[in-house]
Amino acid sequence: PVVAYMRIRHGDTIRLQKRSIMRLTYTTVPRQEIWTGPGSFVVTLAGGEVISGPKPVVVPLPANVPQRLARVSELMATSHMGGSVVRSVKAPIPASKEDIAAAMSVYESMRANTSITDVTPELYLYSIFLDNEMYDDLKIVAKDMLIRQPDNTEIRQLAKATLTVP
């Protein structure tokens, strides 16, 4: 069975039941697909290929977003195990103010082009802030994700792990 934020691999076949919806964000290409059931498709490195049912709605993403979103399943797995966001022992290479401003611009563009309940833009920003040890900003993003998806167990667990960072 498919669970939220799991990794799906090239060649996997996904079958959707009637009235089901699946949002699939690729980490190999800058694209997100929204599939609706009933139907099925095969996951490829370039996008899903329809076996049966309707074609997906395709949402293009900025070029640097897939590499950032690749960490999401790792972040979610850590929060599922009761982990918390920890400060790195190895000092990160800090991003410049320009890099952070560029990431914020990408976030704002993504936010403007996604539904109010889609947390993909926040997960992108979360990965930027985590890599740059911007813990106060992480907490703000975690709270925003909770507002957007208050009933999402995975988001609640990630937020709980984030909000416990001193």
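- In terms of heavy-atom proximity, Pro62 sits nearest to Pro30 at O-CB, 3.8 Å.
- Here Leu138 contributes atom CG and Glu133 contributes atom CD; the two are 10.0 Å apart, rounded to the nearest 0.5 Å.
- Not counting sequence neighbours, the partners of Ser52 by the side-chain hydrogen bond (donor to acceptor under 3.5 Å, both in side chains) test are Ser40.
- Rounding to the nearest 0.5 Å gives a distance of 11.0 Å between OH of Tyr126 and CG of Asp131.
- Cluster partners of Ile34, using a side-chain heavy-atom cutoff of under 4.5 Å among ILVMFWY residues and allowing indirect links, are Ile21, Val57, Val59.
- Residue pairs meeting the salt bridge (charged side-chain N to carboxylate O under 4.0 Å, His left out) criterion with at least one member in residues 46-58: none, sequence neighbours excluded.
- Under the 4.5 Å side-chain heavy-atom criterion for grouping Ile, Leu, Val, Met, Phe, Trp and Tyr, Phe129 is not connected to Ile140 through any hydrophobic cluster.
- Expressed to the nearest 0.5 Å, how far OG1 of Thr120 lies from CE of Met145 amounts to 10.5 Å.
- Partners of Pro54 by side-chain contact (heavy atoms from CB on, under 4.5 Å), not counting sequence neighbours, listed by chain and number: Thr36.
- With rounding to the nearest 0.5 Å, the separation of CG in Asp137 from CG in Asn132 is 10.0 Å.
- In this structure, the salt bridge (Lys or Arg N to Asp or Glu O under 4.0 Å) partners of Asp118, at least two apart in sequence or on a different chain, are Arg23.
- Side-chain contact between Val65 and Gln32 is absent, with no heavy atoms from C-beta onward closer than 4.5 Å.
- Considering all non-hydrogen atoms of both residues, Val29 and Leu45 come closest at CG1-O, 3.6 Å.
- Residue pairs meeting the salt bridge (charged side-chain N to carboxylate O under 4.0 Å, His left out) criterion with at least one member in residues 32-44, sequence neighbours excluded, are Arg31-Glu33.
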| Checking side-chain contact (heavy atoms from CB on, under 4.5 Å) for the pair Met134/Ile100: CA distance, chi angles, key distance, verdict? | CA-CA 10 Å; Met134 299 169 68; Ile100 298 300; 3.7 Å; yes
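- A single hydrophobic cluster is not seen to contain both Leu61 and Val58; linkage of ILVMFWY side chains at heavy-atom distances under 4.5 Å, directly or through other members, places them apart.
- With a 4.5 Å cut-off on side-chain heavy atoms, Leu123 and Leu158 count as touching.
- Considering every non-hydrogen atom in both Pro150 and Arg156, the closest pair reads O-NH1, 3.3 Å.
- Residues Tyr26 and Val43 have side chains in contact (heavy-atom distance under 4.5 Å, counting atoms from C-beta outward).
- How far OG1 of Thr117 is from CG of Asn152: 10.0 Å, rounded to the nearest 0.5 Å.
- Taking Ser109 as the reference, Asn113 meet the side-chain contact (heavy atoms from CB on, under 4.5 Å) condition, with sequence neighbours excluded.
- The side-chain heavy atoms of Ile8 and Met22, taken from C-beta on, include a pair separated by under 4.5 Å.
- With sequence neighbours excluded, the residues forming a side-chain contact (heavy atoms from CB on, under 4.5 Å) with Asp144 are Tyr107, Glu122, Arg148, listed by chain and number.
- Inter-residue side-chain proximity for Thr162 and Lys143 is flagged as unmet; no heavy-atom pair is nearer than 4.5 Å.
- Applying the ring pair (Phe, Tyr, Trp, His ring centres under 6.0 Å) criterion to Phe41, with sequence neighbours excluded, gives Trp35.
- Its side chain within the 4.5 Å cluster rule, Ile51 clusters with Val42 among the Ile, Leu, Val, Met, Phe, Trp and Tyr residues.
- Here the CG atom belonging to Leu146 is positioned 10.5 Å from the CG atom belonging to Asp151, to the nearest 0.5 angstrom.
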Can you give me every donor-acceptor pair (side chain of residues 11-20, partner residue at least two apart or in another chain, under 3.5 Å) with its distance?
| residue | atom | partner | partner atom | Å |
| --- | --- | --- | --- | --- |
| Asp12 | OD2 | Arg9 | N | 2.8 |
| Ser20 | OG | Gln17 | N | 3.1 |
| Ser20 | OG | Gln17 | O | 2.5 |

